[in-house]
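Note that the coordinates shown come from a computational prediction; the quantities given were computed from them, not determined experimentally.
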Amino acid sequence: MQASLRVGIDVGGTTVKLGALDPAGRTMGERSVAVAGVPRVALVLDGIAAAVRELAGGTPATGVGVGMPGLLDRAAGRVDESPNLPIFNGCALRDELARRLELSPELVALENDANAAALGEARQGAARGERDVLVVTLGTGVGGGLILGGELFLGAGLAGEIGHVMVDPEGPPCGCGSRGCLETLASATAVRRRALALGLPGDVEQLAAAARAAEGPERALLAAVGRDLGHGLAAVVCLLDLRTFVFAGGFAAALDVLEAGIRRGLTEWAYGERVTSIRLARAALGSAAGWIGAALLPRPLMSAPHRPHRST
Ligand SMILES: [Zn+2]
């Protein structure tokens, strides 16, 4: 294996996807390992280690990144709590993988799975070549990954959480304790709720298809949802002057019917000529974004040996 081959691991609810990138960022191979039904985390990690060795062709890997859902202690390389993958709770993931792969733990990076996927899209997907990007994930909730200067920006650990920017102070209560957060108005879950309240079908794909086909209540609803999204993004534009937003997740397939509303919301709440130059794009890497982004996570020993791990 070449010295700078990077391996990325994306831990999902049913499957772990992993792959390797060569120094030019090209995919050298992909594998998957089952998680669903596996009783012990050690067995999953054994499977991951075997797949990494296969990808690396018998040579020890020099850098591994892991995207993991849940609450993580980045400094300790530990999974504190992963609600959908409880066998990982308390797992010293970084050290356990490092031991199995005979790597120094400093060569294994651990990051939230959504952040890793955002980095993948920004560097190799829909925003390739751009330095400052917000990746917005429209799914059960609204997630975000902020890339500034080509790298993930975490702040103290939770930067990029666009889903909890308040858009309507009178809006529905949010799981975070606030109300009217973007997530309560523009996630797939929220759109389903809004549609049912209007007597429309609760299936977001059906809503998008109807909105594409003709004028009507579906188009009006998605215009309103898009406008709420635009209002949320306007806060980001005013603060950071971002010009590129990438939309990932299942509901991002409706971007074509949301776009007019998003632009209207942006124009209303952000100011200046720049609003017209903002690019709205759909994610391009699909389910590979997670492992590709994980492979691209910075590892202290590879980039700056003297610097300690950033802690959350
Ligand atoms: Zn919230």
Side-chain angles (χ1 to χ4, degrees), residues 1-69 72 74 77-79 85 87-88 91-113 115-125 128-129 150-152 283-305 309:
M1 189 172 101
Q2 294 156 80
S4 49
L5 201 82
R6 291 167 167 238
V7 174
I9 300 168
D10 180 30
V11 182
T14 55
T15 313
V16 178
K17 295 195 180 77
L18 59 159
L21 296 178
D22 76 1
R26 286 180 302 240
T27 297
M28 300 304 286
E30 288 179 81
R31 296 285 185 282
S32 64
V33 174
V35 176
V38 180
R40 288 189 301 121
V41 72
L43 298 174
V44 178
L45 297 178
D46 289 345
I48 292 173
V52 171
R53 277 193 294 271
E54 234 180 274
L55 281 170
T59 318
T62 54
V64 174
V66 188
M68 176 78 210
L72 312 175
R74 291 185 187 89
R78 192 180 59 231
V79 182
L85 289 163
I87 60 169
F88 279 86
C91 173
L93 190 53
R94 181 190 66 202
D95 293 356
E96 289 290 330
L97 272 178
R99 187 168 59 76
R100 283 170 172 79
L101 297 169
E102 297 172 11
L103 281 177
S104 159
E106 284 77 15
L107 290 175
V108 181
L110 182 62
E111 185 50 70
N112 172 275
D113 61 335
N115 280 343
L119 184 64
E121 277 298 337
R123 293 266 284 271
Q124 298 236 352
R128 187 177 192 131
E151 297 291 346
L152 259 176
L285 296 178
S287 65
W291 79 254
I292 291 175
L296 296 170
L297 288 170
R299 279 164 294 259
L301 280 188
M302 296 180 79
S303 51
H309 257 286

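Rounding to the nearest 0.5 angstrom, the gap separating the NZ atom in K17 from the CD1 atom in I9 is 14.0 Å. Taking CG of L296 as the reference point, atom CZ of R6 lies at 6.0 Å (rounded to 0.5 Å). One distance of note links CG of N115 with CE of M68; it measures 14.0 Å at 0.5 Å rounding.
Considering L97, V44, L45 in turn, L45 is the only one that fulfils the side-chain contact (heavy atoms from CB on, under 4.5 Å) rule with C91. When each of T27, V66, V16, D113 is checked for a side-chain contact (heavy atoms from CB on, under 4.5 Å) with W291, only T27 meets the rule.
Between L21 and I292 there is a side-chain heavy-atom pair separated by less than 4.5 Å. With contacts defined as side-chain heavy-atom distances shorter than 4.5 Å, the pair D46/R100 qualifies. You'll find the side chain of R94 stays beyond 4.5 Å of the side chain of R78, heavy atoms only. Proximity of L297 to L152: side-chain heavy atoms (C-beta onward) are separated by under 4.5 Å at one or more points.
Under 4.0 Å is where a charged nitrogen must lie from a carboxylate oxygen, and between E151 and R123 at least one such pair does.
Scanning all heavy atoms of the two residues, the minimum distance from P69 to L85 falls at CG-CD1, 3.8 Å. Among all heavy-atom pairs drawn from G67 and A294, the shortest one is N-CB, 3.8 Å. Between D22 and L5 the shortest heavy-atom distance is CA-CD1, 3.9 Å. Taking all atoms of both residues into account, the shortest heavy-atom contact from V35 to G12 is CG2-O, 4.1 Å. When every heavy atom of L72 is checked against every heavy atom of N112, the shortest pair comes out as CD1-N, 3.3 Å. Between L18 and I48, the shortest heavy-atom distance links the atoms CD1-O, 4.1 Å.
Among residues at least two apart or in separate chains, salt bridge (Lys or Arg N to Asp or Glu O under 4.0 Å) pairs with a member in residues 30-42 are R31-E54.
A donor-acceptor pair under 3.5 Å links the side-chain atoms of E121 to the main chain of L285, judged by distance alone.
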